[in-house]
Asks: 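First the structure, then my questions, so here it is.
Read the numbers this way: they start at 1 and go in the same order the structure lists the ligands and their atoms. Everything numeric in this text was worked out from a predicted model, so none of it was measured.
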Amino acid sequence: MFGVVGVTDAANFVALGLHALQHRGQEAGGIVSHDPEQGFNSARRFGYVRDNFTSQRLMETLPGPLAIGHVRYSTAGSKGAAIRDVQPFFGEFSMGGAAIAHNGNITNAEALRKELIERGSIFQSSSDSECIIHLMARSLQRNIPERMEDALRRVEGAFSVVAMTRTKLIGVRDPLGVRPLVLGKIGDGWALSSETCALDIIGAEFVREIEPGEMVVITENGGVESHHPFRPQPSKFCIFEHVYFSRPDSIIGGQSVYETRRQIGVELARENPIEADLICPVPDSGTPAAIGYAAESGIPFGLGITRNQYMGRTFIEPTEQIRNMGVRLKLNVNRALIKGKRVILVDDSVVRGTTSRKIKEMIIDAGAAEVHFRIASPPTAWPCFYGVDTPQREKLLAATMSEEEMTHHLGVNSLKFISLDGLYRAVGETSGRDQSCPQYCDACFSGEYPVEPADMLAKGFQMKAAQ
Ligand code: AMP
């Protein structure tokens, strides 16, 4: 999500911001702008930002000093083609219109939707995020930010929100602060962004993170007002943002994502050393950890796999068949470097194991003497219900197999994951994970969900038994 207030042609800045956030969602994008004379305008398109929001003709339809935008990656609602699911959503209220973009997953969305439909709401999309608009419509508060507070107090799960009225840019993070949101300054105006890398692209200065549970209401002349509408709770930022999701040139919690990933590699080498001739990253997500592993182990680093820069992320392709092809289309082995070597491959995560299996085959075909996998996250054994698209539990390799079985299944000489404590040390928690109150949301690794996933429990999802 990206939003700007107080600059001429805000939508152009939003398009650039979304382009820098494209790694967070590649299916579709949308922008809503407001101009005092021309009112609200919007455009929603499938595909990349660069293929849509660069057309002068389109951008001229989005005038005004206030705009927000969103890139979509479906974790709830329909997968694939449905333009009605593309955000921002828009609602017309008695006090004027509002547009809203949401990142994260609402864990009680289905229950809320059922209740709202029974009481007369007419939903336009299959997205969980639309509940927020309908809850706002039912609120009796007199202004839009207060209605939004009302609505968000009924919503459970993970939500970072960027919204706008005719005059205000609004940003909110859920009480646990699961998904990121940052504030930037651009000239006399302000920007809200999912990550700092998108502030850089428009030359905005990073001011601070929006705090967990905080709502900021920003006006062109009035600056930034801060509200705290929720009961305070210990924060639970998504640890997978550090591992994979965020861009390495972003800053999270005052820490460089690149540096954290490099440190994960250092911890991984300390925990799981092995003799080898070459450390090779699985590009691009494994690269910083591989650099750290090489530095700590002293084994030479080399780019044994080349990524075609013009492909999307394979995992995001919706069907298994396309995903299977995708790895080969996207990655190729540098035979000259690999031949005869004992290779350590460093990747960020193993989800279904499809990628790792294909890569191992390519490395063996290229004549490697041995293949060892080192993974920069603990085994992904539980699905995420807070905004990262993971398959059902049964499809997660680590949910059904032990480390030894996975090693055998992938057909590699060895396979090792960083420990959860090692990962916590790498993100700066020097004494590791606090077992009684983990400092992050690590449900995908631990099975400990900080917010009960109500809709999933209603569908029969089995939580980990209390120990
Ligand atoms: P898999 O073949 O299912 O094991 O895919 C694992 C690879 O997909 C990892 O190496 C990551 O680079 C990438 N990945 C992991 N989680 C996600 C996600 N939620 N969305 C997109 N890509 C992911």
Asks: So if I count the atoms of ligand 1 from 1 in the order they appear, which ones are less than 4.0 Å from some heavy atom of Thr354?
Replies: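 Numbered from 1, ligand 1 contributes 1 (P), 2 (O), 4 (O).
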Asks: With respect to atom 17 (C) of ligand 1, which of Tyr73, Phe245, Tyr244 exhibits the smallest heavy-atom separation?
Replies: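 Minimum heavy-atom distance to atom 17 (C) of ligand 1 goes to Tyr244.
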Asks: Tell me whether Val351 has any N or O atom under 3.5 angstrom from an N or O of ligand 1.
Replies: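 Right, the criterion is met.
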Asks: Tell me the nearest of Ile375, Ile359, Thr355, Leu410 to atom 6 (C) of ligand 1, using heavy-atom distances.
Replies: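 The nearest heavy atom belongs to Thr355.
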Asks: Can you establish whether the number of heavy atoms outside His19 located under 6.0 Å from its atom NE2 is more than 12?
Replies: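 Result for NE2/His19: open.
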Asks: Which side-chain N or O atoms in residues 443-457 pair as donor and acceptor under 3.5 Å with protein atoms at least two apart or in another chain?
Replies:
from	atom 1	to	atom 2	distance (Å)
Ser446	OG	Asp442	O	3.1
Ser446	OG	Asp442	OD1	2.7
Ser446	OG	Glu448	N	3.0
Glu448	OE1	Arg433	NH2	3.0
Tyr449	OH	Pro383	O	2.7
Asp455	OD1	Glu110	N	3.4
Asp455	OD1	Ala111	N	3.3
Asp455	OD2	Ala109	N	2.9
Asp455	OD2	Glu110	N	2.7

Asks: With a 3.5 Å cut-off and no angle check, do the side chains of Ser414 and Arg374 form a donor-acceptor pair?
Replies: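 Yes, a side-chain donor-acceptor pair sits under 3.5 Å.
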Asks: Near Val388, which atoms of ligand 1 are under 4.0 Å from a heavy atom of that residue?
Replies: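 Those of ligand 1 that fall under 4.0 Å from Val388 are 19 (N).
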Asks: Against ligand 1, does Ser356 come closer than 4.0 Å with any heavy atom?
Replies: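 It does not; every heavy atom stays at 4.0 Å or beyond.
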Asks: Quick one: do the Ser436 and Asp434 side chains pair a donor with an acceptor below 3.5 Å?
Replies: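 Result is yes, a qualifying pair exists.
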Asks: Numbering the atoms of ligand 1 from 1, which are under 4.0 Å from a heavy atom of Arg352?
Replies: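 What qualifies from ligand 1 is 1 (P), 3 (O), 4 (O).
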Asks: Is Glu275 atom CD crowded by more than 12 heavy atoms from other residues, nucleotides or ligands, each under 6.0 Å away?
Replies: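 Atom CD in Glu275 is not packed in, count stays at 12 or less.
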Asks: Between Arg357 and His409, is any side-chain donor less than 3.5 angstrom from a side-chain acceptor?
Replies: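 Per modelled atom types, Arg357 and His409 side chains form a pair under 3.5 Å.
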Asks: For a 4.5 angstrom cut-off between non-hydrogen side-chain atoms, does Val427 reach Ile239?
Replies: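 In short, these two side chains touch, coming nearer than 4.5 Å.
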Asks: Is the closest N or O pair between Val350 and ligand 1 shorter than 3.5 Å?
Replies: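 Looking only at distances, the answer is no, because the N/O contact criterion of under 3.5 Å is not met.
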Asks: Check ligand 1 against Asp347 and write out every atom of the ligand that is under 4.0 Å from a heavy-atom position of the residue.
Replies: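 Every atom of ligand 1 under 4.0 Å from some heavy atom of Asp347: 10 (O).
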Asks: Which part of Asp389 is near ligand 1, with near meaning a heavy atom under 4.0 Å away: side chain, backbone, both or neither?
Replies: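 Backbone only; the side chain of Asp389 stays clear of ligand 1.
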Asks: Where on Ser349 is there a heavy atom closer than 4.0 Å to ligand 1, on the side chain, on the backbone, on both, or on neither?
Replies: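 Both parts.
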Asks: Counting only heavy atoms, tell me which of Asp284, Leu397, Thr390, Asp348 gets closest to atom 12 (O) of ligand 1.
Replies: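 It is Asp348 that holds the nearest heavy atom.
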Asks: Without hydrogens or angle criteria, can the side chains of His23 and Glu195 be said to hold a donor-acceptor pair below 3.5 Å?
Replies: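 Checked: His23/Glu195 side chains pair up, N/O donor to acceptor below 3.5 Å.
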